[in-house]
Structures are given as structure tokens and as C-alpha cells.
Novice: 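One structure, pasted below without further comment.
Chain A is the first sequence line, chain B the second, and so forth, proteins listed ahead of strands; every chain is numbered from 1.
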Amino acid sequence: MALPCFLLAKAKKQAPPQAAAELANALSGKLDKMEVRAAGPYVNITIERALLAQTILAEIAGKGASYGTSNTGNGRTVVIDYSSPNIAKPMHVGHLRSTIIGAALVHLHEALGYKVVGINHIGDWGSQFGGLVVALRRRGKTLDEANPVHGLLELYQWSKQQVEADAQFAAEAREAWRELESGREGEVRELWRWVTQTSLAGFAKTYKRLGIQHDLVRGESWYEPLLKETFERVAQAGVVEESQGALVVMLGMIDKGLKETPCLLRQSDGTTLYATRDLAALFSRHAEFDFARALYVVGGEQKLHFRQLKAVLKRMELAWEAQVEHIDFGLLLGPGRTKLASRKGPVLVLDDLLDEVVDEALKVVSEKNPSLDEATRRLVAEQIGIGAIVFNDLKRERIKDVEFDKAQILSFEGETGPYVQYTHARLASILRKAAESGEAQSATQLDLHALSDASTVLLGLARYGTAVRTAAERCEPSLLAQYLLGLCRDVNAWYAHARVLGQAPEVTAARLELVRATKCVIGLGLRHLGVAAPEVM
RNA sequence: GCGCCCGUAGCUCAGCUGGAUAGAGCAUCGGAUUUCUAAUCCGACGGUCGCAGGUUCGAAUCCUGCCGGGCGUGCCA
């Protein structure tokens, strides 16, 4: 372990090597079983390997699933807005990133002891629902039961065509939207509700496969009754003015970069806008949850929007503005950096993608591990396929665009989810074999010197809590993903040459303890990322 | 035009927010299995950290200016 002494040197106004020497001098003898030595501007502290091993392994064995957690968030709430797809359209790959990153942030904040409220802010409102209602009226609520989401998409696309092609249809659609906006119960509202529920039922399957459960599903429509008071609240703060027929909040005095882009709250025809609705949601959430953090896991294309929202709060002199964070992320791109999630053109439906990757995983599992029975094989293939997709999305910095390279995802080699899962499964396998042969219990004494070549693994295990904490604080799951890749590399390299079973009992016992601890940490880390940790594969 | 982001090996990316000799994966080439799963491991090859200045003991990291790419830019969400 190396301790750089540059800061110390600055404080003491000495040359770094001299400061290091003095520090080493002062420390030596005070740290039990450690050797302290100055080396140029660094103080190197050498810990007896056995002591290091014993300390770390004991802590992991003792804490188990709570290893790496903390209570820094106790008593505080984090609200996380993620996934938030539009109703009546299937979830496509464009929703993947928000969903996956958001779910990881939920787990990471829970690990820090926060109360987490995951919100699915579904797009269930807008004039397009007028057209959809009319389409349903004409064609009836007949959808393919097995695949209602595809059916709804077809219906939605048909209604859009009709609105453009058929004036009569368009007029009826406008009327239906007006009726919906009025809030009255009746046929129109009932049909709208049916669309919403059918859609959500379709999404539920996808969410289940991804292991995702929101705490609150609350669409845009829910905030509709709050819009008036929201607008008045902003107006009463005295920050609203008229500009070109619309009502806006000027933001140049808060943020120079926004001087030409005021926040529009009300259009010239009197209707509200996206920003008004999001402010309503924000006020409502703040009143309801009194959050320590409110995270919006939304693509980087909407940076301006959130910058405006925060600036509006600032102009209103609301101190909690700083607790609202836009967790932005890069685009999901197709092969050759083409746009993938475009509004036109064939959308890549999320479920189809999951199926495709799982099918490939099934082939690989069958080939690599034919001894598994059919049911296990299918289960494992699902875990691997989903894991490959999720991990692929989380392994890089959020802000970077993700090129969706199918061949790379299907390779299951190198820096991938399956690589981490495979490491976990192999460690599990060693533990299983040890239990079968009874080697696990035979020795009570551990020969910790048998782990002298495993210090990178041990130090890695010790760093787990830090990885979790920084990943949560910075809302950057890739820090944990990268940590796991490193840990797996280290432990793979270790057990490629250090045999665990069939050694002297004390040696086997010590190595088993390392295997157990590492398997535990990999499993915890994977689950925080939303990836399954299979026992076999 | 303006605002924000990105630029590190042939390709995709790390680099612990200023510290020791810049690291991984893919690709290419060569090796490892009588024994815990070869979805693994070991080795080789591969770098003017976009360019130019500046800050200091020290810069891939901080500041300024360029160059290249992306996203956004008042009545869509």
C-alpha cells in the first residue's frame, strides 16, 4: 500500500521525500504487524499478507449479504424517475438505457441505506390518445391476447394514418381528446383507461424479465389536475412574463447559457407544455417525499429541459433545486453509429431483442455444458442473455454513446456480463465440490500463507464498499461494473494456478474461504447492477 | 451563430477527480487442460493521451485557444 506524501509536504512546506521520511519514522512501530518504509516521496506500508487476508475474509464471512452496505442514507429518501415509456407503443431498445441505469441506481442507493422510491412516469397523456380512442371505437377492443402490445402499436399507427387521411376521423379524434381532457367519466375515458392498462400489462412481462419493479407507476395524466396550481405558484413567485404570446420564465440572469432559451410554461393557445407538467411532478414529489435527491434518468438529448427546470426553481429561490439531478446518458446507436431509436422506421422491440439474445445464450449453454437438464438450461440461458444486455449497457460511463453491436453482445467473451457470471458459477462449482467431498469442514485451522499469491484479490475485495458508494454517489453504475471486471480478472488469474481442492486441509480451507468471499462479492455486485448471478452455467 | 458533451493502442473503452513505468477487452500471432467448467488463463504485438499554449515539484486529468465529431437550440415530449 503506497501513501503519496505530496499534500503533506505542501502543508508542512517540505520537500516530499523529506516529509515521507518523517512520516515513516513517526509511524514505524505504532502499526502492529505492519512495516512502514519511505520510498522517495511515498510511504509504503507493507501489511503482513496473512493479517490482510484474515481481516478481510472474516469481515465478508461475518457480514454476508450486508457486506459493502452502509447507513449513510438512513432516514433519507431518494426519488428515481426511470424507464418512463410511452403508452400504446411497445418498449423499444431506446427505453433500455433509462430502465437499466435507473434500476441499478435504485439498488445502489438501497445499499447505502436510503429509502428509494422508483417512479415510472409513463406517457399516458396527449392528443394522440384522442385518435387512439376513436380507432378503438371503430375497430373494437380486439387484440391478439398473446401479444397485446404489438396489437396496440398497429392500432396506434393506423389511428395516426387515419388522422392524416380522413378529416372526419381527425375531427372525431380532436373531440375525443377534448372529452378526455375534461376529466369526465364516460366511454372515452374508459377506452383510454383500457389502453393504459393493456399497455402496462404488456410492459409487466418485460419488466419481470429484467427484474424491475417500480414503487410507483404514475403517468403524466395523474399530474393533470395540478397544472393550474403549479402555474399559479410560479406566477406568484413573480418570475413569469409574456413573450411572443406565450408565458415564459426568463433564465438568463440565473444561467448565462440560457439567456436565449427561456422556459415556456404556457402556449399562446393557453395549453401547457412539457416543462409545466414536469414542474408539477417535481413540486408534487417534493411535497410527498421530501427527497434528499431526485434523480431523472433521462437521455442527454433533454439536457436543456432539465437545466431550465432547475433554473426555474432557482429563480423561485427554492433551495432544494440542488437536490434535483438530471442523470443523463448517451445515445444507443445501431451498427455504424446510425440512429437506432428513431421515431420513424422499424423499431426494435425490446422483447424481441431479449428473445434473440436468450436464444443465442441457450445455444451456447447447450454446447458448453450439455450435462445440464432442459429446465436449468433454459433458466440459465435467460439469466445469461439478459445479463449480457444489461451489463453491456452499464459497463461504460453513462454519458458515452453505446453502439449496439449484436455480434459483440452475443460473443459472451471478454469484458461482458457472462464473463462475470461465469467466474461466479465456477467459484460456486468449487464450493459445491468441496461440500460434496466434505473438505470444507475437515479443517478448522486456516493456513493463510496459502493466500500469499492472492493479495490483488484480497485488496480488491476490500475495495468493494468504496466501489458501491462512489457508484451511487456519482450515479455511475459503470464504476461497479468496471470494479467487477477487475475483480474477476484477478480471481481468474489466481485460481488458474492455485488449486483449491485436494491440498493440505489448512491450505484448502484457506483457499475455500477466499473463494467463498469472492463469490459472495461478485454475486452482490451483479445483483446491484440488475444482473443474475447463476450458480451453474 | 449560441449552449452543452465527447476525443487515450487498428476497434471499443478504463484511468480511483493532480502522483511512481498510461491499463483492459476485441482483433492478430504464439502458448497452457491426466486433476476444482478453456464462456478461462499466460505471453507477444500495439501509445506524439486530437493540436498548441498555460498553471507547478509533477498534467491523460486543471485553465485558455484552436481542430474534429455528437446532442440541443420559444409554443413537441
Side-chain angles (χ1 to χ4, degrees), chain A residues 2 4-7 9-10 15-17 39-42 44 84 86 123 125-127 220 243-248 255-269 271-275 277-278 298-305 307-308 328 330-331 333 337 343 361 364-365 367-369 371 384 395-397 399-403 405 407-408 411-416 418-423 425-434 437 439 463 466-467 470 474 478-479 481-483 485-486 488-489 492-502 508 511-512 515 536-537:
Chain A
C5 296
F6 299 99
L7 278 173
K10 201 163 272 181
Y42 292 86
N44 288 330
S84 305
N86 290 320
W125 207 242
S127 57
E220 290 179 72
S243 169
Q244 300 170 31
L247 294 172
V248 307
D255 182 338
K256 278 184 196 149
L258 295 178
K259 75 173 172 261
E260 279 165 30
T261 47
C263 180
L264 271 80
L265 291 183
R266 186 176 286 183
Q267 310 186 68
S268 32
D269 67 2
T271 55
T272 58
L273 284 127
Y274 183 36
R277 291 199 272 285
D278 252 7
V298 179
E301 311 90 88
Q302 295 195 33
K303 265 190 132 166
L304 177 61
H305 167 70
R307 200 168 154 196
Q308 287 180 328
D328 59 339
L331 270 39
L333 299 170
R337 301 191 67 79
R343 297 188 183 177
V364 177
V365 172
E367 176 197 322
K368 303 268 185 188
N369 198 345
S371 64
I384 293 169
K395 74 180 175 191
R396 296 178 243 267
E397 241 186 330
I399 196 66
K400 294 238 157 73
D401 293 343
V402 170
E403 193 172 339
D405 184 346
Q408 202 184 319
S411 83
F412 304 152
E413 283 172 21
E415 298 179 320
T416 65
Y419 170 75
V420 179
Q421 291 175 314
Y422 179 67
T423 307
R426 285 189 66 176
L427 295 176
S429 172
I430 294 175
L431 293 175
R432 251 190 329 272
K433 292 227 154 81
S437 68
E439 285 191 71
R463 276 180 27 237
T466 308
T470 52
R474 286 154 66 170
S478 67
L479 292 172
Q482 291 291 337
Y483 163 85
L485 287 172
C488 287
R489 246 192 324 267
N492 276 325
W494 173 72
Y495 79 57
H497 70 266
R499 199 174 165 76
V500 177
L501 302 179
T508 288
R511 290 182 176 164
L512 269 177
V515 168
V536 291
M537 63 185 271

Novice: Could you tell me how far B/C11 sits from B/U17 if I compare only their C1' atoms? Round to whole Å.
Specialist: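 Those two atoms are separated by 28 Å.
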Novice: Just to confirm, is there a sub-4.0 Å distance from OP1 or OP2 of B/G74 to any side-chain nitrogen or oxygen of A/Ser243?
Specialist: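 Checking A/Ser243 against B/G74: no side-chain N or O falls below 4.0 Å of OP1 or OP2.
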Novice: Could you check whether A/Val365 gets within reach of a base, just the sugar-phosphate, or nothing at all, counting any heavy atom under 4.0 Å?
Specialist: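 It contacts base atoms.
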Novice: Using a cut-off of 4.0 Å on non-hydrogen atoms, how would the nucleic acid contact of A/Arg396 be classed: base, sugar-phosphate, or nothing?
Specialist: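 The answer is sugar-phosphate, as A/Arg396 gets under 4.0 Å only of primed atoms, P, OP1 or OP2.
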Novice: Under a 3.5 Å cut-off for both distances, is B/U40 Watson-Crick or wobble paired, and to whom?
Specialist: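 The base-pairing partner of B/U40, which may sit in any strand shown, is B/A32.
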Novice: For B/A60 versus B/C49, give the span between their P atoms, rounded off to a whole number of Å.
Specialist: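 8 Å, rounded to whole Å.
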Novice: Using a 4.0 Å heavy-atom cut-off across all strands, classify A/Phe412 as base, sugar-phosphate, or nothing.
Specialist: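 Base, at least one base atom sits under 4.0 Å.
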Novice: If B/G47 has a Watson-Crick or G-U wobble mate with both distances under 3.5 Å, name it; if not, just say none.
Specialist: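 Across any shown strand, B/G47 pairs with none.
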Novice: Apply the test side chain to side chain contact (heavy atoms under 4.5 Å, CB included) to residues A/Arg511 and A/Trp494: give CA-CA distance (whole Å), side-chain angles for both, the deciding distance (0.1 Å), then the verdict.
Specialist: CA-CA 11 Å; A/Arg511 290 182 176 164; A/Trp494 173 72; 3.9 Å; yes
Novice: Searching all strands shown, indicate the nucleotide that pairs with B/G68 (Watson-Crick or G-U wobble; both distances under 3.5 Å).
Specialist: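 Its partner is B/C6.
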Novice: In whole angstroms, how far is the P atom of B/G15 from the OH atom of A/Tyr483?
Specialist: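 Roughly 16 Å, once rounded to whole Å.
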Novice: Rounding to a whole Å, what distance do you find between A/Lys368:NZ and B/U40:P?
Specialist: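 After rounding, the gap between these two atoms is 8 Å.
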Novice: To the nearest Å, give me how far apart CG (A/Leu304) and P (B/G72) are.
Specialist: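 Computing the A/Leu304:CG to B/G72:P distance gives 11 Å.
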Novice: Just checking A/Ser429: base, sugar-phosphate only, or nothing, at a heavy-atom cut-off of under 4.0 Å?
Specialist: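 The residue A/Ser429 makes base contact.
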Novice: I'd like the C1' distance from B/A22 over to B/U61, given in whole Å.
Specialist: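 That atom pair is separated by 11 Å.
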Novice: Using every non-hydrogen atom in the two residues, find where A/His305 and A/Ala275 come nearest and quote the distance to one decimal.
Specialist: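 Closest approach of A/His305 to A/Ala275, heavy atoms only: CE1-CA, 3.8 Å.
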Novice: Taking the same atom, C1', in B/A32 and in B/G50, what whole-Å distance lies between them?
Specialist: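 To the nearest whole Å, 40 Å.
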Novice: May I ask you to say what A/Gln421 touches in the nucleic acid, namely base, sugar-phosphate or nothing, with a heavy-atom cut-off under 4.0 Å?
Specialist: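 Nothing, no heavy atom under 4.0 Å.
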Novice: Which nucleotide, if any, forms a Watson-Crick or G-U wobble pair with B/A27, using both distances under 3.5 Å?
Specialist: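 Pair assignment: B/A27 / none.
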Novice: Rounded to whole Å, please give me the gap between NZ in A/Lys256 and P in B/C2.
Specialist: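 The distance from NZ of A/Lys256 to P of B/C2 comes to 16 Å, rounded to the nearest Å.
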Novice: Classify A/Leu273 by what it touches in the nucleic acid, base, sugar-phosphate, or nothing, heavy-atom distance under 4.0 Å.
Specialist: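 Sugar-phosphate contact only - A/Leu273 comes under 4.0 Å of backbone atoms but never of a base.
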Novice: For the side chain of A/Ala493, starting at C-beta, report the closest nucleotide among B/C41, B/A39, B/C6.
Specialist: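 So the side chain of A/Ala493 is nearest to B/C41.
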Novice: Give one of base, sugar-phosphate or nothing for A/Arg489, where a contact means two heavy atoms less than 4.0 Å apart.
Specialist: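 The answer is sugar-phosphate, as A/Arg489 gets under 4.0 Å only of primed atoms, P, OP1 or OP2.
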Novice: For the pair made of OH in A/Tyr495 and P in B/C36, what is the distance, rounded to whole Å?
Specialist: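 Taking atom P of B/C36 as the reference, OH of A/Tyr495 is at 11 Å.
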Novice: Answer with base, sugar-phosphate or nothing: what part of the nucleic acid does A/Leu264 contact at a heavy-atom distance below 4.0 Å?
Specialist: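 Base: the residue A/Leu264, judged by heavy atoms under 4.0 Å, touches a nucleobase.
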Novice: When all nucleic acid strands are considered with a 4.0 Å heavy-atom cut-off, which category describes A/Leu479: base, sugar-phosphate, or nothing?
Specialist: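 Sugar-phosphate, no base atom in range.
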Novice: Assuming nearest nucleotide by heavy-atom distance, tell me which of A/Arg426 and A/Arg463 is located more 5' along RNA chain B.
Specialist: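 Looking at RNA chain B, the more 5' nearest nucleotide goes with A/Arg463.
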Novice: Kindly determine whether A/Tyr483 and A/Thr466 satisfy side chain to side chain contact (heavy atoms under 4.5 Å, CB included), including the steps that lead there.
Specialist: CA-CA 10 Å; A/Tyr483 163 85; A/Thr466 308; over 6 Å; no
Novice: Starting at CG of A/Asn86 and ending at C1' of B/C76, how long is that distance when rounded to a whole Å?
Specialist: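 Result: 12 Å.
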Novice: Would you mind pulling out the nucleotide paired to B/G58, Watson-Crick or G-U wobble, both distances under 3.5 Å?
Specialist: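 Result: none.
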Novice: When the distance from NZ of A/Lys395 to P of B/A14 is rounded to whole Å, what number comes out?
Specialist: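 Going from NZ in A/Lys395 over to P in B/A14 covers 10 Å.
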Novice: Suppose you measure atom C1' in B/C29 against the same atom in B/G72; what distance do you get, rounded to whole Å?
Specialist: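 Pairwise C1' distance, B/C29 against B/G72, rounds to 46 Å.
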Novice: Have a look at B/U17 and give me syn or anti from its glycosidic angle (syn if within 90° of zero).
Specialist: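 Judged by the O4'-C1' to base torsion, B/U17 sits in syn, the angle falling within 90° of 0.
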Novice: To the side chain of A/Glu301, which of B/G72, B/U73, B/C41 is closest?
Specialist: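 Of B/G72, B/U73, B/C41, B/G72 is nearest to the side chain of A/Glu301.
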Novice: Between B/C45 and B/G65, how far is it from one P atom to the other, in whole Å?
Specialist: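 Their P atoms lie roughly 41 Å apart.
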Novice: When rounded to the nearest Å, what value does the distance between P atoms of B/U8 and B/G69 take?
Specialist: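 To the nearest whole Å, 14 Å.
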Novice: If I take atom CD in residue A/Gln482 and atom C1' in nucleotide B/G15, what distance separates them, rounded to the nearest angstrom?
Specialist: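 That distance rounds to 10 Å.
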Novice: Quick check: on RNA chain B, is the nucleotide nearest A/Arg266 upstream (toward 5') of the one nearest A/Tyr422, or the reverse? Name the residue that is more 5'.
Specialist: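 Nearest nucleotide further toward 5': that of A/Tyr422.
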Novice: Can you check the distance between B/G7 and B/C66, where both ends of the measurement are the C1' atom (answer in whole Å)?
Specialist: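 It comes out at 14 Å once rounded to the nearest Å.
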Novice: Should B/U73 form a Watson-Crick or G-U wobble pair with both distances under 3.5 Å, which nucleotide is its partner?
Specialist: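 Pairing partner, where one exists within any strand: B/G1.
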